[in-house]
Amino acid sequence: MTFRLTQISDTHLSDRVPGFRANFDLLAEHLRAARPDLVINTGDISLDGADRAEDLTMARDAHEELGLDWLAVPGNHDIGDDPLPGCRQPANAERLARWRAHLGPDTFVRDVPGWRLIGLDTQITATSLPEAEEQMEMLVEALHGTGGRAVAVFMHKPFCQERMDETDNTYWCIQPGPRHRIVDLILPQRPAFIANGHVHQWRDRGLTEGLRQIWGPSAAFIVGDAWQETVGEKSVGFVEHLLHPDGSFESRMIPLPGLVRHDIGAMPEIYGPQKRLAA
Ligand SMILES: [Fe+2]
Ligand SMILES: [Fe+2]
């Protein structure tokens, strides 16, 4: 039987932004009726869990109220980000511990008929936290015990924008060092797809290395053209993955009618003014 998996992403939940909550409530109503077999949130579940435990608990409770089986991996707004120069909220032990206290593990391995689903924490990959190495060990083990299942990987940040050999240390992607480590591990297993969030754009594209990388849109907001290049589609919505037991699958973006396409660039009260793109 086909396994119906719904990927939601970048819900950015908090009591302080009713508009994002309203989008989530609409999505939740849809999901309660559609009853997928599993919901996976690919990160930025909270508005500012990196500094506020109450945002994490609010996001967790909102997901519990779905009454569905659900999993999540953390995003930069949940546990902090790569320790690049100027990073205001670097991922660290305290932030990771807060996530684990309120949301549980930051990675997962879940077997469903014909498939192994692996959730990775992209936010710690460029840190020296012991959990970063533990995650790599977990990944090796998960990839070697698939028993012939198809593999799908869920994570917050994409590997790259266009090519795996990009060398920039960018806010939008996993840093080149950890990217190559992870890709070298997963490529021989030929994963069916990699699903991520973070960019707040929908895109479904094969990469040169033969990996299919599916970018889930945010359910909360887009980043307007003055502040972010368009490399996919700037929609709000979610992704439905239909996983067949023989390893074949179909993925599509669903732009749920009624979701408000907020633009974070026009809401400087939330994360401060966005940095304008060079003209
Ligand atoms: Fe986000
Ligand atoms: Fe993010």
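In this text, all values refer to a predicted model and were calculated from it rather than measured experimentally. First listed ligand is number 1; within each ligand, the first listed atom is number 1. Positions are given from 1 along the sequence.
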According to the interplanar angle, ranging from 0 to 90°, do the rings of [X] and [Y] count as parallel (below 30°), tilted (30 to 60°) or perpendicular (above 60°)?
| X | Y | result |
| --- | --- | --- |
| His12 | His200 | perpendicular |
| His63 | Trp70 | tilted |
| His241 | Phe193 | parallel |

Problem - 2.8 Å cut-off met by an N, O or S atom of His200 to the Fe ion (ligand 1) - result: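 So His200 does bind the Fe ion (ligand 1) by this criterion.
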Problem - Metal proximity, His12 vs the Fe ion (ligand 1), N/O/S cut-off 2.8 Å - result: yes
Practice task
May I ask you to check whether Asp44 brings an N, O or S atom to under 2.8 Å from the Fe ion (ligand 2)?
Solution key: yes
Exercise for the section: Please state whether the separation between the Fe ion (ligand 2) and some N/O/S atom of His156 is under 2.8 Å? Expected result: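 Checking His156: at least one N, O or S atom is under 2.8 Å.
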Handout entry: Ring centres under 6.0 angstrom apart (His180, Phe159)
Key =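 His180 vs Phe159: aromatic centres not under 6.0 Å.
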Completion exercise
Checking Asp82, Asp81, Asp106 against Gln123 for side chain to side chain donor-acceptor pair (under 3.5 Å), the one that qualifies is Asp81
Handout entry: Name of the Asp10 atom (N/O/S only) found closest to the Fe ion (ligand 1)
Key =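 The closest N, O or S atom of Asp10 to the Fe ion (ligand 1) is OD1.
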Handout entry: N/O/S atom name from His198 that is nearest to the position of the Fe ion (ligand 2)
Key =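 Going through the N, O and S atoms of His198 one by one, ND1 ends up nearest to the Fe ion (ligand 2).
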